[in-house]
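Counting begins at 1 with the first residue of the sequence. Because only heavy atoms are used, hydrogens play no part in the values below, and waters and symmetry mates are left out as well, while side chains stay in.
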Amino acid sequence: MKKVLFMILAVSASLGIKAQEIYSLKQCIETGLERNYSIRIVRNEQLISDNNATPGNAGYLPTVDMSGGFSGSINNNRNKLADGTTEKQNGVNNETGDIGLNVNWTVFDGFGIQAEYARLKELQRMGELNTRLTIEDFVATLSGEYYNLIRQHIRLRNLRSSLDLSRERVRIAEERYHIGSGSRMDLQQAQVDFNADSSNVLNQLEVVHTSRIRLNELMALDNIDEQIALKDSVIRPNIFLDEVDLWQSTLASNASLLIAQKNQTLTELEYKKVKSRDYPYVKLNAGYGYTANWYEVGATDLQQRLGLNYGLTVGLNLFDGLNRRRERRNARIQIENSQLKKQELELGLRADMSNLWMAYQNNLGLWNLEKENVVVALENHRIAIDRYKLGELSGIELREAQISLLEAEERQSISEYSTKLCEISLLQLSGQILTYVAPEPEKASF
């Protein structure tokens, strides 16, 4: 028994050899939002959407190009004159150099530019919603792991408490055996049960370690093995959620539903872009430049030009092989599909809300029931240990009371953890998970 106790103490010491930093749920989430790689990547993608939503990218602004060039030619000329003679010139070199500014501006293209700019702004808002959706998923995942680590610590405490009870039983059985009032079989069975409880504690230490490493990974800590301690030691589910309020908040704030609405808006803007091709377009162009020509033969050696050129183009596509009509039909179908997808998503959210609410209510009931069972099991075990000390109860019956207590504590832990997970899922579904974690002024910083 001493070897087993030494092993448990050694493993426990190895897990807590360094000073532990204490983290609350809010601190874990703030650390994760700042350091987690997935969050940083999605925020960078949002920055790309922000950078793309500009008037110039939509086509509102003109383009200005500066160009310059030099060209030349060497020719052998043969000219037949009016008097019938032939004039030959070999190696005639002519050169041209130019430099200038050119401005092109689409003034009107049937409201296509306006539709494109609106599309870019919608994509920018969708980027924000995608960031929010990723953050909400992350917060829900990290919160679940935070409470899972608490649950595993609770289970470890329960198993250690059970181990203490088994150790006391071994002590009593040894005393009885030495004074001749107990059998060796009772002592050996007590030792077997003690070893089994020791094994459970060692296995649970590994589970606690795995959960802690997972939490460190979500927070992206530099030292993945950092010993952290949680500020909370118990799980306290919120028993005051209201299904009607949650559903109204889901319709108004659910990120996936808002993204579906943005997709519907984007399909409507695509339809407007297709229709813009039915209108005429107006384009302006202007240039200012310098051109020089050098002639080796002729009356002019050098010709130079410096000036402004400008133009206006008005056009209308009269026929494009019926492609515009085809594209309009497809765009209308896409609008209908986006509406159907939104309705399908809303129905799925309604089903998820119903299932989660049922699970939440059921786990609340189980939690209240198991709390009562733990009280009864504690009293039952207290009576059993007193009777065992008096010799009125066998070791097997004491073990049954001990296992009954451990199972009751485990069921209570599972039910309160399951209730908490349902609570987190309901708040995530209703778009309230960030408010749940932090006050409203801090929500914007996420």
Side-chain angles (χ1 to χ4, degrees), residues 44 47-121 123-124 269-328 330-331:
N44 285 337
L47 290 177
I48 294 175
S49 299
D50 294 341
N51 293 335
N52 287 336
T54 62
N57 193 27
Y60 268 116
L61 303 180
T63 60
V64 181
D65 300 312
M66 183 175 183
S67 62
F70 179 83
S71 63
S73 64
I74 301 176
N75 300 305
N76 294 327
N77 298 336
R78 182 176 179 179
N79 302 320
K80 187 175 182 180
L81 304 179
D83 59 2
T85 61
T86 301
E87 182 183 66
K88 295 182 180 181
Q89 295 172 324
N90 295 327
V92 178
N93 183 18
N94 296 320
E95 296 175 335
T96 300
D98 64 83
I99 184 171
L101 290 174
N102 296 289
V103 179
N104 293 282
W105 188 12
T106 300
V107 179
F108 179 74
D109 69 343
F111 307 103
I113 295 175
Q114 291 85 339
E116 176 63 15
Y117 186 58
R119 188 183 75 86
L120 292 174
K121 298 300 285 186
L123 288 175
Q124 180 185 16
L269 290 172
E270 287 292 337
Y271 180 74
K272 289 182 179 180
K273 286 188 64 177
V274 173
K275 286 198 66 177
S276 69
R277 290 162 57 189
D278 294 334
Y279 295 88
Y281 57 85
V282 180
K283 296 181 179 181
L284 294 177
N285 62 82
Y288 186 81
Y290 168 79
T291 303
N293 296 96
W294 291 269
Y295 304 103
E296 194 171 275
V297 296
T300 303
D301 291 334
L302 172 64
Q303 183 183 52
Q304 300 181 78
R305 294 186 298 274
L306 177 65
L308 172 70
N309 62 81
Y310 51 88
L312 171 68
T313 302
V314 179
L316 175 65
N317 184 276
L318 299 177
F319 182 73
D320 66 349
L322 304 178
N323 284 320
R324 278 177 294 174
R325 185 170 67 175
R326 172 183 57 81
E327 292 175 5
R328 281 197 299 269
N330 290 341

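- In this structure, CD1 in Ile113 is found 9.0 Å from CZ in Phe108, a value given to the nearest 0.5 Å.
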Please assess Tyr295 against Gln303 for the test side-chain contact (heavy atoms from CB on, under 4.5 Å), listing each intermediate value before the final yes or no. CA-CA 8 Å; Tyr295 304 103; Gln303 183 183 52; 3.4 Å; yes

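- How far OH of Tyr288 is from CG of Leu308: 8.0 Å, rounded to the nearest 0.5 Å.
- Residues Asp278 and Arg324 meet the side-chain proximity criterion, which asks for heavy atoms closer than 4.5 Å.
- Between Ile74 and Gly91, the closest heavy-atom pair is CG2-CA, 3.9 Å.
- Of the charged side-chain nitrogens involved, at least one lies within less than 4.0 Å of a carboxylate oxygen, so that Glu116 and Arg119 count as a salt-bridged pair.
- The closest side-chain heavy-atom distance from Glu270 to Val274 is not below 4.5 Å.
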TODO: Decide yes or no on side-chain contact (heavy atoms from CB on, under 4.5 Å) for Asn293 and Arg305, but give the supporting numbers first.
DONE: CA-CA 9 Å; Asn293 296 96; Arg305 294 186 298 274; 3.4 Å; yes

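- Ring geometry for Trp294 against Phe70 counts as tilted: the plane angle lies between 30° and 60°, on a 0 to 90° scale.
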Query raised in the report: What's the verdict on side-chain contact (heavy atoms from CB on, under 4.5 Å) for Leu123 and Asn52, showing C-alpha distance, side-chain angles and the deciding distance?
Result: CA-CA 9 Å; Leu123 288 175; Asn52 287 336; over 6 Å; no

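- A distance of 11.5 Å separates CH2 of Trp105 from OG1 of Thr63, quoted to the nearest 0.5 Å.
- Tested against Leu312, the residues Val282, Asn285, Val107 include a single side chain to side chain contact (heavy atoms under 4.5 Å, CB included) partner, Val282.
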